[in-house]
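In what follows, every chain begins at residue 1, and chains take the letters A, B, ... in the order their sequences are listed.
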Number of protein chains: 4
Amino acid sequence: MRFEQGRSIYEQIVEYIENRVLTGAWQPDDRVPSVRELAVDLGVNPNTVQRSYSLLQDEGAIYNQRGVGYFVSSDAPERTRSARRRQFETETLPRLFETMEMVGYSIADLEHAWTAWQKGRTS
Amino acid sequence: MRFEQGRSIYEQIVEYIENRVLTGAWQPDDRVPSVRELAVDLGVNPNTVQRSYSLLQDEGAIYNQRGVGYFVSSDAPERTRSARRRQFETETLPRLFETMEMVGYSIADLEHAWTAWQKGRTS
Amino acid sequence: MRFEQGRSIYEQIVEYIENRVLTGAWQPDDRVPSVRELAVDLGVNPNTVQRSYSLLQDEGAIYNQRGVGYFVSSDAPERTRSARRRQFETETLPRLFETMEMVGYSIADLEHAWTAWQKGRTS
Amino acid sequence: MRFEQGRSIYEQIVEYIENRVLTGAWQPDDRVPSVRELAVDLGVNPNTVQRSYSLLQDEGAIYNQRGVGYFVSSDAPERTRSARRRQFETETLPRLFETMEMVGYSIADLEHAWTAWQKGRTS
DNA sequence: GTGGTCTAGACCACC
DNA sequence: GTGGTCTAGACCACA
């Protein structure tokens, strides 16, 4: 995984893990990688991973079993999905529409882009 | 103008001015407010405005006439619009589509949201 | 005449006038344009031209006849030429040579550039 | 390091660092001094160094690793060298040649000066 | 009047 | 520890 610059790394890790959960790659009660393990994998400071895990735990997406590790919560998928969806509707969409109007991007353009993107996705 | 927190002020000023240009509120060769003037208007430090102006000048959106002030470049609208559009297509859209798929938001849903937003816009 | 940005306008005007003198376009005791006249020609604030003229007068390149105008000094060509030459040898050349070494530009390269430049000059 | 007056400090810092890279004193992926550190070394304000680093980052000469520091880019030497060379050919040389013609300095004179300078360099 | 630079000092997010 | 941002205030060159 490569990180974009301009956004904090710990946020990108959170997003990465949420995506794993949303896509079902990680199932409820699966054990997630240990802090140190993931830190090595991502080439990142363990403190940074720790911060991401703490945040995810606060949100209830993962839980900790002392001395054992972190695990995916049973309701993580629904919880994460609804949170994302709410954020999507209240933050992403309004901004999206404003930008579209500003740069002259029509809803038709957007549909084309969507189908094009789906093709690229499946190929 | 009020500033969101979490993003730097000078970036929001840049965006604000670009929007002025995009919407045609400021025409090419119009003089933009002086650094000090805008600083007072926005209630920020002149250095902050200065930074925004320098950035806009680097992008070619405005130009400076020594001892007189800053002016909107003749090609500022097209330049800004195409820059925004490119960024929109390469950064915003892919992320958007991924999120849509992840949270189960269809292109039809998006069209509904669009028409709803447009109504709210005109009313 | 178009001005570069990054250098002060009054300096460029000084240089411009010195060049007229060096090339013989303006001869000793010729009258130079009035401050206002040149200011209009160059599309510049009269104060700026005035500043250039004052500087040239201090250097002895031009002299003023009250109520009449400015004139090229009799020794202006030699004076200017020797000043330029001194500056060239003490400031320009050392810097030039350092840059050449830094970017790997040989004296042979420079000769080629010279002949090429001369050709472009005559054509 | 002592700064010339008449040019901005942050530009001289940029040049200083580019020279370090060009001469190979600083190798790709070497860590450059921290902002605060260099500021103390040079006896200037950290903001000034920060400005230089931002500029160098924009040019791609250095990159930032969040929370760690700045590092020399892998292609910094070539990139910097070619940029300098381009600037040399398009800005320095034409002006040089014009001055030479104006003050009557021949290419032969210049070769002599070059060899003399080289001797002074090695001794 | 204009912009450009610099300092001093503070606060913050991040690693 | 690192860089990033912002403020306040000053000084300067320039038009």
K.L.:
Have a look at B/R36 and say if it touches a base, only the backbone sugar-phosphate, or nothing, with a 4.0 Å heavy-atom cut-off.
P.N.:
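Result for B/R36 = base.
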K.L.:
Flag the pair B/Y53 / B/N64 as yes when at least one side-chain heavy-atom distance between them is below 4.5 Å, and no otherwise.
P.N.:
no
K.L.:
Defining pairs by Watson-Crick or G-U wobble geometry with both distances under 3.5 Å, how would you list the stems of DNA chain E with at least three pairs each?
P.N.:
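Stem segments, range with range: E:1-14 with F:1-14.
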K.L.:
Ignoring hydrogens and geometry beyond distance, is a side-chain donor-acceptor pair present between A/R51 and A/N45 at under 3.5 Å?
P.N.:
no
K.L.:
How many whole angstroms separate atom CD of A/Q12 from atom C1' of E/dA13?
P.N.:
14 Å
K.L.:
Please report the shortest heavy-atom distance between C/L42 and C/F3, naming the atom on each side.
P.N.:
O-CE1, 3.9 Å
K.L.:
So, is B/Y10 near the phosphate of F/dT5, with a side-chain N or O under 4.0 Å from OP1 or OP2?
P.N.:
yes
K.L.:
Around C/R31, counting heavy atoms of other residues, nucleotides and ligands shown, do more than 12 lie under 6.0 Å from its CZ?
P.N.:
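Yes.
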K.L.:
Rounded to the nearest angstrom, tell me the gap between atom CD1 in D/I62 and atom P in F/dT2.
P.N.:
15 Å
K.L.:
Check the distance between F/dT2's C1' and A/R51's CZ and give it to me in whole angstrom.
P.N.:
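Result: 14 Å.
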K.L.:
Specify the residues of residues 64-77 of chain D, ordered by number, for which at least one heavy atom lies under 4.0 angstrom from an atom of DNA chain E.
P.N.:
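By residue number: D/R66, D/G67.
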K.L.:
Could you tell me how far apart C/L55 (CG) and F/dC14 (P) are, to the nearest whole angstrom?
P.N.:
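It works out to 10 Å between those atoms.
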K.L.:
Any donor-acceptor pair under 3.5 Å linking the side chain of A/S52 with the backbone of A/Y10?
P.N.:
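Confirmed, A/S52 side chain pairs with A/Y10 backbone.
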K.L.:
Provide, to the nearest angstrom, the distance between the CD atom belonging to A/E11 and the P atom belonging to E/dC15.
P.N.:
9 Å
K.L.:
Salt-bridged, A/E4 to B/R95, with N to O below 4.0 Å?
P.N.:
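Salt bridge between A/E4 and B/R95, a charged N being under 4.0 Å from a carboxylate O: yes.
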K.L.:
Expressed as a whole number of angstroms, how long is the span from D/E37:CD to F/dG1:C1'?
P.N.:
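Computing the D/E37:CD to F/dG1:C1' distance gives 11 Å.
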K.L.:
Nearest-Å distance, CZ (D/R31) to P (F/dG1)?
P.N.:
12 Å
K.L.:
Within the distance-only criterion (no hydrogens, no angle test), does the side chain of C/Q50 pair as donor or acceptor with the backbone N or O of C/V35 below 3.5 angstrom?
P.N.:
no
K.L.:
Using the 3.5 Å cut-off, write out each protein N or O paired with an N or O of nucleotides 7-9 of chain E and the distance between them.
P.N.:
| from | atom 1 | to | atom 2 | distance (Å) |
| --- | --- | --- | --- | --- |
| E/dT7 | OP2 | D/N45 | N | 3.1 |
| E/dT7 | OP2 | D/T48 | OG1 | 2.6 |
| E/dA8 | N7 | D/N45 | ND2 | 2.8 |
| E/dA8 | N6 | D/N47 | ND2 | 2.7 |
| E/dG9 | O6 | D/N47 | ND2 | 2.9 |

K.L.:
For residues C/R85 and D/V103, report the shortest heavy-atom separation together with the two atoms involved.
P.N.:
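Of all heavy-atom pairs spanning C/R85 and D/V103, the closest is NH1-O, 3.3 Å.
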K.L.:
Distance check: side-chain N/O of D/Q50 vs OP1/OP2 of F/dG3, anything under 4.0 Å?
P.N.:
no
K.L.:
Using every non-hydrogen atom in the two residues, find where D/M1 and D/Q12 come nearest and quote the distance to one decimal.
P.N.:
CE-O, 3.8 Å
K.L.:
For the residue pair D/Y63 and D/F71, categorise the inter-ring angle as parallel (less than 30°), tilted (30 to 60°) or perpendicular (more than 60°).
P.N.:
parallel
K.L.:
Please pick, from E/dT5, E/dG3, F/dC14, the nucleotide with the shortest atom-to-atom distance to any side-chain atom of B/S34.
P.N.:
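The answer is E/dG3.
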K.L.:
For the residue pair C/S73 and C/G60, what are the closest heavy atoms and their distance?
P.N.:
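Looking at all heavy atoms of both residues, the shortest contact is OG-O, 2.8 Å.
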K.L.:
For D/A61 and D/A76, work out which heavy atoms get closest and say how close.
P.N.:
O-CB, 3.3 Å
K.L.:
OP1 or OP2 of F/dC14 versus the side-chain N and O atoms of C/S8: is any pair under 4.0 Å?
P.N.:
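True: C/S8 side-chain N/O within range (under 4.0 Å) of F/dC14 OP1/OP2.
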K.L.:
Starting at CZ of B/R7 and ending at P of E/dA13, how long is that distance when rounded to a whole Å?
P.N.:
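Interatomic distance, CZ of B/R7 to P of E/dA13: 17 Å.
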